[in-house]
Asker: 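Before we start, here is the structure in question, set down as C-alpha cells.
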There are 2 protein chains.
Amino acid sequence: MKKAKISHNVILRLPRYLRFLEDLKDSSVVRISSGELGRLMGITASQIRQDFSCFGEFGQQGYGYNVEMLMKEIGEILGIDKGRTAIVIGTGNLGRAIIGKFPFDSFGVTLTGIFDVAPDLVGSDVFGRTVRHSDTIEDFVRENNTDIAILTMPGSFAKTVAGRLSDAGIKGIWNFTHADLKSTGNVRVQSVHFSDSLLVLNYYLSNENLEEPDKN
Amino acid sequence: MKKAKISHNVILRLPRYLRFLEDLKDSSVVRISSGELGRLMGITASQIRQDFSCFGEFGQQGYGYNVEMLMKEIGEILGIDKGRTAIVIGTGNLGRAIIGKFPFDSFGVTLTGIFDVAPDLVGSDVFGRTVRHSDTIEDFVRENNTDIAILTMPGSFAKTVAGRLSDAGIKGIWNFTHADLKSTGNVRVQSVHFSDSLLVLNYYLSNENLEEPDKN
DNA sequence: TAGATTGTTAATCGATTAACAATC
DNA sequence: TAGATTGTTAATCGATTAACAATC
C-alpha cells in the first residue's frame with residue numbers, strides 16, 4: 001500500500017539492497033526471506049519489510065521474496081527504467097575511471113558525451129568517445145535533452161559550471177568535486193565527497209570500541 | 001562534557017562541518033554562530049550545538065565559535081592528528097586520480113606505497129611513486145606499519161586482497177570497489193560506492209516534489 | 001494441513017528540535 | 001550593562017523494532 005511520504009533514509013538504503021540482491025542472484029539464490037536478508041546485511045528483518053512496504057507488496061507469506069522480482073521492483077523505484085542520459089565533464093583520471101569502468105548500463109543510464117577544456121584533450125579519443133570542448137556544454141545539453149551532468153573537473157570550476165548547466169536545463173548533477181553544491185528547485189545534486197568517507201574511517205580507527213552500524 | 005556514546009550520525013556529519021568551515025576560513029570569516037552556520041548548511045542551530053557538545057565546549061556565549069579553532073577541534077576528533085599511513089592498491093585511472101589529486105596532507109594521512117599486478121605497470125612511475133607488485137603487499141604492510149589500504153583494483157579481487165590485508169594487520173580499508181566488504185573486530189571498512197549515489201540522484205530526478213535533506 | 005513468513009499496527013527507542021538559564 | 005549566543009535539559013518528532021493476525 002503506497003504511503004504518502006517516503007523518508008530519505010529509506011531511499012539511501014535501497015541501493016544497498018540492490019547490491020546484496022545482485023550478489024544473491026549471482027550465487028543463484030532464487031528466493032530470500034527478510035530474516036535471511038537481514039542477517040546477511042546486518043539489519044533487522046522488520047526494517048526490511050517496513051522499507052519495502054513503502055512501495056508495495058513484493059513478498060509472499062510463507063515464502064519470502066523472489067530475488068529477481070525484488071531487484072526489478074527496487075530498480076524501478078530508483079528509476080532505472082527511466083533511461084536517463086548523462087555527460088561527463090572533466091576527462092582526467094577520475095573522469096576516465098568513470099567513463100571507462102562505471103556500469104552505466106546496469107542503471108539504465110546512457111553516457112552521451114564527454115567534455116574537457118584542455119586543448120590537447122579536446123577532440124581526442126577516450127574509451128571510444130571524442131572529447132568535446134566544455135564551451136559547447138550548454139548547446140549539447142539543450143539539443144540532447146541531457147538529464148545528468150557528472151562533474152569530475154577541478155573543484156574551483158564546479159560552481160560556475162553547475163550554474164551554466166542549470167541554465168541549460170540539466171536535471172541532476174553528480175558531483176565528484178570538493179565544491180559544496182546545493183540542490184535547487186530545478187536541479188538535484190548528489191555529491192561523492194571522497195574525503196568525508198576517509199575521515200569517518202579515520203575516526204573509527206582511533207575509536208575502535210564504538211559500534212558502527214553497517215552501511216557499506 | 002564528554003558523553004558516553006557518540007552516535008554514528010554525528011560522526012557522519014563532522015566531515016561536512018569541516019568542509020563548510022574550510023570555506024568560511026577561505027572567505028576570511030573568523031567567527032560564526034550556530035545560527036549562521038545552520039542557515040549556511042541547511043540544518044538547525046540546535047543540531048549543531050548538540051553535535052559539538054558531544055565532544056566538548058568549543059564555543060563562547062554571546063560570541064559563537066572561532067572558525068579556525070573549531071576546525072582544529074573537529075579535525076582532532078576525526079583523528080587528523082594521528083598521522084595515519086595509507087597505501088593504494090590498483091593504479092588504474094581511479095587509483096591515479098586518488099594518488100595524484102587527493103589531498104592526503106590535509107587529513108594527516110601519508111601515502112607510503114602504491115601497488116598493482118600488471119607487469120607493464122609494476123616498477124613504473126605514477127606521480128613520482130614507483131608501483132610495487134601486489135604480491136609484496138603483506139610484507140610492506142607489516143614492515144611499514146600501514147594503517148589504511150585504499151582499494152581501487154577490480155572488485156573481483158577485493159575480497160581476497162582484503163583478507164590478505166587483514167592477516168597482515170591492516171587497520172582500515174577504504175573500499176572503492178563494488179565488493180561488499182564488512183568491518184570486523186580488527187579491520188574497519190568504509191566504502192565509496194559510486195553507484196549508490198547515482199541511484200539516489202536518479203530516484204530524486206523522478207520524485208522531484210519530495211523533500212530531500214541537504215547531506216552534500 | 002502445519003510451518004513459515006509476510007505486511008502492518010503498536011511499542012520502543014533514539015535523534016532532532018525547542019526552550020532557557022548561564023554567561024561572555 | 002544589554003544583547004547575543006552558548007551548552008544543556010526537556011519536549012517532540014520520526015525511525016526502528018517488536019508483535020501478530022493474515023495467508024501462502
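Since we're looking at a predicted model, the values are computed, not measured. FYI, side chains are in, hydrogens and waters are out, and symmetry mates aren't considered; it's all heavy atoms of this structure. Numbers restart at 1 for each chain; the letters A, B, ... are given by sequence-line order, proteins then strands.
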Asker: Counting only side-chain heavy atoms from C-beta out, which of C:dG7, D:dT6, D:dT16 sits nearest to A:S53?
Answerer: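 Between C:dG7, D:dT6, D:dT16, the one nearest the side chain of A:S53 would be C:dG7.
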Asker: Nearest whole angstrom, please: distance from the P of D:dT16 to the CE of A:M41.
Answerer: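 After rounding, the gap between these two atoms is 13 Å.
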Asker: Which listed nucleotide (C:dT16, D:dT6, C:dG7) is nearest to the side chain of B:R13?
Answerer: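 Ranking C:dT16, D:dT6, C:dG7 by closest atom to the B:R13 side chain puts C:dT16 first.
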Asker: Report yes if a side-chain nitrogen or oxygen of A:R49 is closer than 4.0 Å to either non-bridging phosphate oxygen (OP1 or OP2) of C:dT6; otherwise report no.
Answerer: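 True: A:R49 side-chain N/O within range (under 4.0 Å) of C:dT6 OP1/OP2.
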Asker: Please compare A:G62 and A:T44 by the position of their nearest nucleotide in DNA chain D and report the one closer to 5'.
Answerer: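 By nearest-heavy-atom nucleotide position, the 5'-most residue is A:T44.
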Asker: Please confirm whether A:H8 and B:Y203 have ring centers closer than 6.0 angstrom.
Answerer: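 For A:H8 and B:Y203, the ring centres are not under 6.0 Å apart.
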Asker: Take A:S206 and B:R84, measure what side chain to side chain donor-acceptor pair (under 3.5 Å) needs, and give me the verdict at the end.
Answerer: CA-CA 10 Å; A:S206 313; B:R84 300 292 182 180; 2.9 Å; yes
Asker: Taking CD1 from B:I43 and C1' from C:dA15, how many angstroms apart are they, rounded to a whole number?
Answerer: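 Between C1' of C:dA15 and CD1 of B:I43: 13 Å.
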Asker: So that I can tick it off, tell me whether A:E138 and A:R142 are bridged by a salt bridge, with the cut-off set at under 4.0 angstrom between side-chain N and carboxylate O.
Answerer: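 Answer for the salt bridge query: no.
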Asker: Between the base of D:dA18 and the side chain of A:S46, is there any donor-acceptor pair under 3.5 Å?
Answerer: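 Yes, the side chain and the base share a sub-3.5 Å donor-acceptor pair.
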Asker: Nearest whole angstrom, please: distance from the C1' of D:dC24 to the CZ of A:F58.
Answerer: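 Those two atoms, CZ and C1', are 18 Å apart.
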Asker: Counting only Watson-Crick or G-U wobble pairs whose two distances fall under 3.5 Å, which nucleotide matches C:dT5?
Answerer: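 C:dT5 is paired with D:dA22.
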Asker: Using both distances under 3.5 Å as the test, list the Watson-Crick or G-U wobble partner of D:dA10, or none.
Answerer: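 WC or wobble partner is C:dT17.
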Asker: Within the modelled atom types, does a donor on one side and an acceptor on the other bring the side chain of B:Q50 and the base of D:dT6 under 3.5 Å apart?
Answerer: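 Checked by distance alone, the answer is no.
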Asker: Over 60° means perpendicular and under 30° means parallel, so classify the ring planes of B:F194 and A:F176, tilted if in between.
Answerer: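 A:F176 and B:F194: perpendicular rings.
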Asker: Taking atom P of C:dT6 as reference, at what distance in whole Å does atom CG of A:L37 sit?
Answerer: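 Computing the A:L37:CG to C:dT6:P distance gives 10 Å.
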Asker: How many whole angstroms separate atom CG of B:L70 from atom P of D:dT5?
Answerer: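 B:L70 atom CG is separated from D:dT5 atom P by 15 Å.
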Asker: Counting only side-chain N and O atoms of B:Q47, is one of them less than 4.0 Å from OP1 or OP2 of C:dT16?
Answerer: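 Checking C:dT16 against B:Q47, a side-chain N or O does come within under 4.0 Å of OP1 or OP2.
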Asker: Measuring to OP1 and OP2 of D:dT6, would you say a side-chain N or O of B:S34 lies under 4.0 angstrom away?
Answerer: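 For B:S34, the contact criterion (side-chain N or O under 4.0 Å from OP1 or OP2 of D:dT6) is met.
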Asker: Which whole-number value in Å describes the distance from A:D51 CG to C:dT6 P?
Answerer: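 Spelled out: CG on A:D51 to P on C:dT6 is 13 Å.
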Asker: Please report, rounded to the nearest Å, how far the P atom of D:dT6 is from the CD atom of B:Q61.
Answerer: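 Taking atom P of D:dT6 as the reference, CD of B:Q61 is at 9 Å.
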Asker: Carefully, step by step, assess B:N145 and B:K171 under the rule side chain to side chain contact (heavy atoms under 4.5 Å, CB included).
Answerer: CA-CA 10 Å; B:N145 203 10; B:K171 298 189 188 71; 3.6 Å; yes
Asker: For C:dC24, take OP1 and OP2 only and decide whether either is under 4.0 Å from a side-chain N or O of B:Y65.
Answerer: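 So the side chain of B:Y65 is outside the cut-off, no N or O lying under 4.0 Å from OP1 or OP2 of C:dC24.
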Asker: What's the CZ-P distance between B:R31 and D:dA4, to the nearest Å?
Answerer: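 Atom CZ in B:R31 sits about 11 Å away from atom P in D:dA4.
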